[in-house]
Amino acid sequence: MKIELLTNVLKDDSGATAIEYGLIAALVSVAAIGALTAMGGSLNTMFTAVSTALTGAVTATP
C-alpha cells in the first residue's frame with residue numbers, strides 16, 4: 001500500500017504544471033514592467049502637455 005502511494009506521488013506532475021504556469025506569469029510580469037518603465041518618460045511628457053493645454057484652456061475662458 002505504501003509503495004502504491006509513493007508510485008502515485010512520483011507519477012503526479014500537476015505540481016510541475018503549476019510551477020510552469022507560475023514561471024510564465026512571472027516572465028510576463030517582468031516584461032510588462034520593463035515595457036511600462038521604458039514608456040514612462042514619454043507618457044509623462046504626454047500627460048504634462050495635456051495638463052498644460054487643459055490648464056491654459058480653463059484659464060482662458062471668461
Side-chain angles (χ1 to χ4, degrees):
M1 180 118 129
K2 290 185 180 186
I3 293 175
E4 211 174 276
L5 178 65
L6 182 62
T7 305
N8 288 339
V9 169
L10 291 176
K11 286 183 180 179
D12 186 16
D13 62 354
S14 61
T17 303
I19 290 172
E20 289 170 357
Y21 284 137
L23 289 172
I24 291 170
L27 181 62
V28 168
S29 298
V30 168
I33 290 170
L36 292 175
T37 301
M39 292 186 335
S42 61
L43 285 175
N44 188 24
T45 303
M46 182 181 66
F47 283 126
T48 302
V50 170
S51 175
T52 303
L54 289 175
T55 303
V58 170
T59 58
T61 57

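Positions are given from 1 along the sequence.
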Peer 1: Does any N or O in the side chain of Thr45 come within less than 3.5 Å of the main-chain N or O of Gly41, such that one atom is a donor and the other an acceptor?
Peer 2: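 Yes, Thr45 side chain to Gly41 backbone: donor-acceptor pair under 3.5 Å.
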Peer 1: Which value, rounded to the nearest 0.5 Å, describes the distance between Ile19 atom CD1 and Ile24 atom CD1?
Peer 2: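 Here the interatomic distance stands at 12.5 Å.
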Peer 1: Is Leu36 linked to Phe47 within one hydrophobic cluster, defined over Ile, Leu, Val, Met, Phe, Trp and Tyr using a side-chain heavy-atom separation of less than 4.5 Å?
Peer 2: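 Yes, one cluster joins them.
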